[in-house]
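Notes follow the structure.
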4 protein chains.
Amino acid sequence: MKAREQILVAADRLFGEQGFDAATTREIAEVSGVNKALIHYHFKSKDALFEAVLDGYYQRLNLVLSKALASPGAPRQRLTKLVDAYVDFLSQNRNFSKIVQRESSNGPRVDRISGHLEPMFKMGADLIQAAYPKTKGGATEAHHLMVSFYGIIVTYFTYSGVLENLVGKDPLSKKELASRKKHLHWMLGLILDAVENGDPALARARVKKSKT
Amino acid sequence: MKAREQILVAADRLFGEQGFDAATTREIAEVSGVNKALIHYHFKSKDALFEAVLDGYYQRLNLVLSKALASPGAPRQRLTKLVDAYVDFLSQNRNFSKIVQRESSNGPRVDRISGHLEPMFKMGADLIQAAYPKTKGGATEAHHLMVSFYGIIVTYFTYSGVLENLVGKDPLSKKELASRKKHLHWMLGLILDAVENGDPALARARVKKSKT
Amino acid sequence: MKAREQILVAADRLFGEQGFDAATTREIAEVSGVNKALIHYHFKSKDALFEAVLDGYYQRLNLVLSKALASPGAPRQRLTKLVDAYVDFLSQNRNFSKIVQRESSNGPRVDRISGHLEPMFKMGADLIQAAYPKTKGGATEAHHLMVSFYGIIVTYFTYSGVLENLVGKDPLSKKELASRKKHLHWMLGLILDAVENGDPALARARVKKSKT
Amino acid sequence: MKAREQILVAADRLFGEQGFDAATTREIAEVSGVNKALIHYHFKSKDALFEAVLDGYYQRLNLVLSKALASPGAPRQRLTKLVDAYVDFLSQNRNFSKIVQRESSNGPRVDRISGHLEPMFKMGADLIQAAYPKTKGGATEAHHLMVSFYGIIVTYFTYSGVLENLVGKDPLSKKELASRKKHLHWMLGLILDAVENGDPALARARVKKSKT
DNA sequence: TATGAATGAGAGTTCATTCAT
DNA sequence: CATGAATGAACTCTCATTCAT
């Protein structure tokens with residue numbers, strides 16, 4: 001039972017670092033310290049191995065997110081917990097966002113990712129829709145909010161390599177991650193405030209007025 | 001000179017559709033209608049061909065963004081134009097975001113992407129910093145704002161495949177793109193309002209008070 | 001003891017259907033419902049398994065042919081019985097002729113087939129030689145007669161696939177097999193008549209004269 | 001243009017000696033003195049290479065047989081020429097009968113062989129039918145005669161390995177081939193005499209009577 | 001007897017690249 | 001500029017076989 005997991009660990013790493021195509025079964029075998037043929041004994045094909053890695057991720061992610069959503073409290077609090085849970089998951093599974101980013105853009109594996117992402121997206125959009133019925137239609141349409149916040153969360157991780165050179169420190173260090181979380185909370189608050197106030201233009205007007 | 005461009009067009013398409021690794025020189029040659037060896041005559045290697053494609057994109061993108069930024073008006077207006085220009089560019093160059101998404105996650109081509117993205121990120125962050133000096137430090141740190149808005153913009157395009165199944169219509173149709181632009185304007189207004197008010201917690205408090 | 005026989009049955013079928021090389025131990029194990037490693041427990045190797053299958057066939061075939069030959073009566077009658085017995089055996093063991101045909105053409109298993117076929121051929125040739133001493137030398141040399149009649153018998157079975165498309169009915173149905181047997185009797189009669197008359201040219205001349 | 005033919009020659013030899021499955025592309029490349037990848041440059045796959053070899057054979061064989069059939073003279077003479085031409089072809093293309101024998105028994109390549117053999121069989125049967133209308137029905141049905149004579153011809157070649165040990169000399173030497181040809185002529189004469197006399201039982205009766 | 005796991009060897013195939021013309 | 005031919009390297013995958021249990 002040990003070899004199978006070693007293969008999964010190695011595949012996770014190499015798929016994340018190099019992408020599905022560039023990662024070779026030979027190297028996966030080397031890293032996991034098993035015979036090349038054993039990969040095909042435990043997994044029918046390289047594709048099947050990829051699916052196993054991905055399915056494992058989404059299974060764990062769904063668990064984590066469900067738990068966050070099921071927590072008691074107001075929608076705003078639960079959404080905050082959801083965001084935190086997502087960020088924590090990404091920071092603890094650094095290959096995951098790389099894999100998703102790569103393979104979700106196009107190509108033969110996009111469907112497998114879609115199959116996992118769509119329910120998540122739908123759940124998120126439905127949640128927003130239910131909690132903030134006023135978002136119906138227009139610029140605050142639930143799926144727009146959903147995509148935007150998803151983008152805000154994951155982009156920080158997928159572009160952490162670019163950021164590193166930009167800000168001169170490891171963007172995934174504990175300190176920086178805490179800073180990012182604060183930013184996300186601020187963004188979430190901003191958006192929820194706005195949608196709670198219904199018409200966003202109106203909300204903005206109010207904000208401006210209150211400044212005077 | 002015609003062959004060279006045909007190769008670039010074909011490479012652009014196939015790199016976008018399949019990714020660098022999965023796209024083969026044979027298919028690029030087939031699609032562009034030239035001999036396989038001719039690719040290596042015009043471009044030293046497959047890597048060099050990729051760079052040519054990418055450099056072409058960023059050259060055009062920089063042109064477009066510079067023009068938007070150089071327009072007269074208040075920072076808010078210029079930023080709005082910047083966003084619009086970016087969205088227009090992505091909607092007119094659909095392979096571009098796929099390519100960037102894939103190759104920026106990791107691997108041997110990430111540096112080449114970073115080399116282009118970093119100046120852009122830095123420019124954006126500096127711009128925000130200059131226009132809104134209060135963002136210094138904390139949750140509204142310029143680079144956080146920069147990454148977040150970048151994510152909001154590009155995620156819609158890179159996940160358009162997932163969205164298609166979710167919302168049941170082509171997310172890249174003219175109508176849906178217009179809707180997305182409205183959403184982006186709303187988001188931008190939201191954020192700029194907040195940073196203009198300095199301390200975000202304060203800003204939120206003001207908003208809440210104004211509701212009563 | 002049951003597993004061993006199940007393996008033999010499956011191997012017989014797959015060797016017949018696909019040939020020795022294309023048949024895999026994995027599939028043999030699957031078809032026989034046993035573990036792959038068990039094949040190597042009961043049979044030292046895939047080659048040994050093939051030999052076991054083949055030896056079983058020739059053991060049964062020799063039994064059948066010996067019984068036919070040992071029957072009382074004139075050589076012509078005994079030869080007829082021999083032919084019938086052979087045809088019956090082939091029609092009841094359809095994989096057999098496929099296996100022999102494939103593996104007797106060449107390659108590493110031809111010797112194993114030769115080892116069984118040679119005694120049979122020799123026996124057949126000696127029988128003809130003894131019964132019809134005039135066949136010595138020339139066109140009616142015993143081994144020529146032997147090979148020819150062997151070819152007449154087995155070719156119908158080995159090419160039954162081709163024939164099916166040709167005559168539009170199953171060449172191995174009861175009815176067609178009966179028809180084939182009649183043909184074989186006719187051919188046998190023809191040949192034996194001729195060799196009994198010694199010089200074949202003479203025999204033919206006689207036939208022609210009798211027509212007038 | 002030379003490499004392609006060298007590959008074909010090597011493939012012919014190895015397919016004949018070892019069979020399709022046992023022959024490897026590596027060895028074919030070695031024997032033909034070309035790079036392994038070149039085989040896939042000239043032929044799409046190992047299967048396609050096999051087809052090229054086979055198609056070449058049947059193309060040449062059809063040419064040879066057509067010429068023999070088109071010669072002037074009575075049916076008996078033309079049939080004799082046909083048999084001679086077939087035997088000559090087999091003796092000059094020793095791998096051919098091995099390949100046909102192996103791959104026509106069963107498996108994925110049987111259809112490709114059938115596609116070539118069926119027209120030949122049909123042509124032969126039609127020829128017999130036309131020349132000897134009395135063969136209609138019963139033991140002398142044209143396709144029975146066709147299969148039998150086909151078997152008589154090819155079996156000598158496909159079982160030449162077995163025969164060698166039996167008769168103690170090379171069955172494919174010039175001398176032995178001449179002997180075989182005489183035998184085939186004798187057999188052909190025998191059969192044609194019989195079918196010319198209509199009912200075979202009658203014919204045999206006549207022969208017997210004439211002996212007294 | 002029986003089996004899940006493991007392995008070395010090698011299969012066919014594809015790749016980016018080079019070269020002679 | 002352009003191309004058909006050629007190549008070394010590496011790919012995924014399957015094979016018969018072995019071994020510990």
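Below, all heavy atoms of this structure are taken into account, side chains as well, without hydrogens, waters or symmetry copies. Naming convention: chains lettered A, B, ... in sequence-line order (proteins, then strands); numbering from 1 in each chain.
D:A48 is linked by a side-chain contact (heavy atoms from CB on, under 4.5 Å) to D:K44, D:S45, counting only residues two or more places apart in sequence or in another chain. With sequence neighbours excluded, the residues forming a ring pair (Phe, Tyr, Trp, His ring centres under 6.0 Å) with C:F50 are C:F15, C:F20, listed by chain and number. Residues passing the side-chain contact (heavy atoms from CB on, under 4.5 Å) test with A:V9: none are found, sequence neighbours excluded. With sequence neighbours left out, the salt bridge (charged side-chain N to carboxylate O under 4.0 Å, His left out) criterion links A:D55 to A:R112. With sequence neighbours excluded, the residues forming a side-chain hydrogen bond (donor to acceptor under 3.5 Å, both in side chains) with B:N165 are A:E118, listed by chain and number. A:V110 is linked by a side-chain contact (heavy atoms from CB on, under 4.5 Å) to A:S114, counting only residues two or more places apart in sequence or in another chain. For B:H40, there are no ring pair (Phe, Tyr, Trp, His ring centres under 6.0 Å) partners two or more places apart in sequence or in a different chain. In this structure, the salt bridge (charged side-chain N to carboxylate O under 4.0 Å, His left out) partners of B:E30, at least two apart in sequence or on a different chain, are B:R26.
Rounding to whole angstrom units, CD of residue C:Q6 and P of E:dT1 are separated by 13 Å. Distance, C:I7 CD1 to E:dA2 C1': 11 Å, rounded to whole Å. Nucleotide F:dT17 holds its P atom 13 Å from the CZ atom of C:F43, rounded to whole Å.
Here D:R102 does not pair with D:D21 in a salt bridge; the nearest charged N to carboxylate O distance is not below 4.0 Å.
Taking a 4.0 Å limit (strictly below) on heavy-atom distances, residues 25-39 of chain C reaches DNA chain E at C:N35, C:K36, C:A37, C:L38. Looking at residues 9-22 of chain B, you'll see that no heavy atom sits under 4.0 Å from any atom of DNA chain E.
Both D:D47 and B:A23 lie close to DNA chain E; mapped to their nearest nucleotides by heavy-atom distance, the more 5′-ward contact belongs to D:D47. Comparing C:K46 and A:K46, the nucleotide of DNA chain F nearest to each residue sits closer to the 5' end for A:K46.
Neither OP1 nor OP2 of F:dA6 sits under 4.0 Å from any side-chain N or O of D:H40. Contact annotation: B:Y41 side-chain N/O to F:dC1 OP1/OP2 distance is not under 4.0 Å. Distances shown here put every side-chain N or O of D:H42 at or beyond 4.0 Å from the OP1 or OP2 atom of F:dG4.
At the heavy-atom level, B:A48 lies nowhere under 4.0 Å from the strands shown.
The aromatic rings of C:F96 and C:Y58 lie perpendicular to each other, with more than 60° between the two planes, well past the 30° mark.
Applying the salt bridge (Lys or Arg N to Asp or Glu O under 4.0 Å) definition to pairs two or more places apart or across chains, those involving residues 7-16 of chain D are D:R13-D:E17.
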Dot-bracket encoding per residue of DNA chain E, Watson-Crick/G-U cut-off under 3.5 Å, | denoting interstrand | .||||||||||||||||||||
